[in-house]
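The model shown is predicted, which means the values in this text are computed figures rather than measured ones. Read the numbers this way: they start at 1 and go in the same order the structure lists the ligands and their atoms.
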Amino acid sequence: MSENKVVHYLKDYQAPDFAVAEIDLTYTIEEAYTLVRNRMMIVPHEVGRPCVLDGSAELLQIVLNGKCLSPHEYAIADEKLTIHTVPDTQFELEITTRLYPAQNKTLMGLYESGDNLYTQNEPEGFRKITYYFDRPDVMSQFTTTIIGDKRRYPVMLSNGNLIDSGELDNDRHWVCWRDPFAKPSYLFALVAGQLAVLEGNFTTRSGKEVALKFYTRPEDREKAGFALESLKHAMQWDEDRFNLEYDLNIFMVVAVSDFNMGAMENKGLNIFNTKYVLASNDTATDADFEAIEGVIGHEYFHNWTGNRVTCRDWFQLSLKEGLTVFRDQEFSADRASRAVRRIHNVRVLRSMQFAEDAGPMAHPVRPASYEEMNNFYTLTVYEKGAEVVRMYHTLLGEEGFQKGMQLYFQRHDGQAVTCDDFRAAMADANGVNLDQFALWYSQAGTPQIKAHGDYDAHNQTFSLHLRQFIPPTPDMADKQPMVIPVKIGLLDKNGASVAFKMAGTADKTEETVLVFNQTEQTFVFHDVAKEVVPSLLRGFSAPVRLDYPYSDADLMLLLAHDSDSFARWEAAQTLYRRAFASNLDALASVQPLPQHAELAQALTSALNADIDPAYKAVLLQVPTEAELWEDVSSINPEQYVCARQALLQSLASSMQDTLTHWREWADEQERNSRHHAPQEYHPDLAGVRSLRNTLLQWGVLATADLLHNIVNEFSQRATNMTHEYGMLAAINHLSDDKRNDLLNQFGQRHAQDDLVMDKYFILIGSSQRPDTLQQVEKALQHPAFSLENPNKVRSLLGSFSRNIPHFHAADGSGYRFLADYILRIDEFNPQVASRLVQAFNLYDRLEPQRKTLMAEQLQRIQKDEGLSKDSREIVDKILH
Ligand code: PHE
Ligand code: ZN
């Protein structure tokens, strides 16, 4: 079945045989194709080696030191071009290829979107453009000339600075860009077409004037304003917190609607999915604004962590991604609502990355092998990778961490390096040993900690016993104990913080970070005068699961009083889990469902406490199904949805008055807001609105006329997209026809807005209404839908694949439907298809009937003759 499988191993890394002193590219854009002439100055590292270049484009000509090569002097096989004999010293190699961007639906390499041309080269797209050493440790200086029709391609962009331009006959023109920084091919970018530009500027702290340019379709220009402001904030923040300045005179961002991922950090020329650039109050929710700020920050921060210092090979991807996610998380947290942001990130990690780590695709933050690199842009590399970086920060403190960063840049600016180099910089700058920490890069699976505590009144000590266990994953059975920072505080039975002394320290403290690095360890807290409840893993100080035998009363105490906002929220999460578990038991034994009166009481008090509205909203988050079944096998997904829904229902009913009170309060707040125009994005208002929308979702469960209120007041209340979408999301699962009416009106009102239509498709794909599959099938025919646009596929089919009751329908219809579309999409965009395949990751852990149904569909995909290696790698791993 998979005879041609090629597995790449980290252990096989070999340094490149050649260096490229310079690369000079000329793109000639013609009506039906683009010619690329690639002239390289190549320097052999060792004599006598054949010159092997990566590439798959149509090859027109090879010229070596001015002499055209004849076919016997080279060979082409498996996307490699081998030139048998090359000079021992520097030589010039000129290769000409022909590309057909309009036919390229993979959205990798050079492709057309609208009538414009764009590139995407990370990780291995450059080989679709020309023949090159398409690996990140070959870095070179790029000069790019673009020739095209003046009217069709008035704007022609590439990396670095515009150094020259001119006119040609036949209404054509040319531009020449030069990037003074050596870079690998994956950071190369080109854009050509009709684009409007929104401009701004930024003066760096050393006085460099930087022109900021956002390129969009002409009708979208004004919608880039928020992104432009975000960029200025990001540039300022990187100077203030990381001491890092921008290094070119121009920074460009181009928005394109056909894009496989979120955005791309090409040097000086970031290319973004429109979703992360364009926003207005009528088209974007507060969450969209926040995501834009975060992604703009992320890509900008890559300029240092990714571009100035890049990866030696793709196994090291987390070197740039984990670090840059950490940096963008800190940027967002410094901008506003640190506590709520942290909780949001932890929730994503736990419901998605933990699931990945417990499934067939489990891999370490630095994978040891891959078949298709595109499959390793994962939650593990990005989100767990960011947690790994955060642990350095937790262990070393802000100052120590920044010392490490400085040493890292001092040593490695302009180089392609490894995660070990980063770890060494952190260790050496702080004079500490971080050898054991390396296990975070090589061992997959979520560590589990079992904890228990003993209070000794006589000695006035509290002892905390910790035991760790790293579960086996498909790649590795036996694992070593890891270094786990456990941030901890103690509370007395009234909820007051209790100071303590650790052995060997002179001063009392109220919080400490335990360095837990053995299989089993006991930590003793001295001078503890009374019984205490430990507040553990504060701030989620490590990406682990921790189990402590708290009583419900302990948890309620933490929920009410813990000074750490993560630990407080976590106490509520544990209470929800317990309540959920008792519902599941009751349903299984056909007993009446418990009422959870105490939990309702604790939540009511928490809501009535004097805390930030956005934090109230996150307290009302019940763990997702994926979190609830994280340590379960033989899952019946339907039961999880029922037991969870019943929990929401009973809490909503008993808390009805409180919920209504706070909903009305939120409305009032917004009406009275004097400081900000009420329809605009502002973090304070966003918090109020997020509380209001959360309360609407709870409200429809318990208050029968809420639907009617929403319908009657819809147009009056829909003053911005956060409200409009919030109301639709709240009623999205209701079977009432009014839901369809409102949704249809929404679809008509925004028919012209590509990004709002994504929301329309998300609502359809994620509804729990019984007719959802029919509605999804109908939506596939909608004029605004396109299988070739990844955002549309993710909105409709991606949301359906996460729609538990429908995707996991007992008759197998959800599995079959998704498999049909995976096969269709795989024919032209393997990257998007292989993401969808991962909806089947739960396969091995499902109850037998669904497992059989899933197996049929997985086998159908696996048998497909033309299946991409992207999708094949995933299916093979699921079925193993
Ligand atoms: N490197 C991009 C980022 O910032 C992600 C990306 C990967 C984009 C591959 C396109 C293709 O995370
Ligand atoms: Zn990134």
Answer with yes or no whether the side chains of Q316 and R366 bring together a donor and an acceptor at under 3.5 Å. yes
Salt bridge (Lys or Arg N to Asp or Glu O under 4.0 Å) with R835: which residues, sequence neighbours excluded? none
Could you grab the angle centred on the Zn ion (ligand 2), going from OE1 in E321 to NE2 in H298, to 10°? 110°
Examine distances only and state if a side-chain atom of D421 and a backbone atom of T418 form a donor-acceptor pair shorter than 3.5 Å. yes
Results of salt bridge (Lys or Arg N to Asp or Glu O under 4.0 Å) for D134 - residues two or more places apart only: R127
Let me check your reading of the structure: within less than 2.8 Å of the Zn ion (ligand 2), is there an N/O/S atom from E265? no
Hey, is E122 close enough to K320 for a salt bridge, meaning N to O under 4.0 Å? yes
Per-ligand residue contacts, ligand 1, heavy-atom threshold under 4.0 Å: Q120, E122, M261, A263, M264, E265, H298, E299, H302, K320, E321, Y377, Y382
If you measure from the Lys or Arg side-chain nitrogens to the Asp or Glu carboxylate oxygens, is any gap between R338 and E330 under 4.0 Å? yes
Tell me the salt bridge (charged side-chain N to carboxylate O under 4.0 Å, His left out) pairs involving residues 293-304, sequence neighbours left out? E293-R335
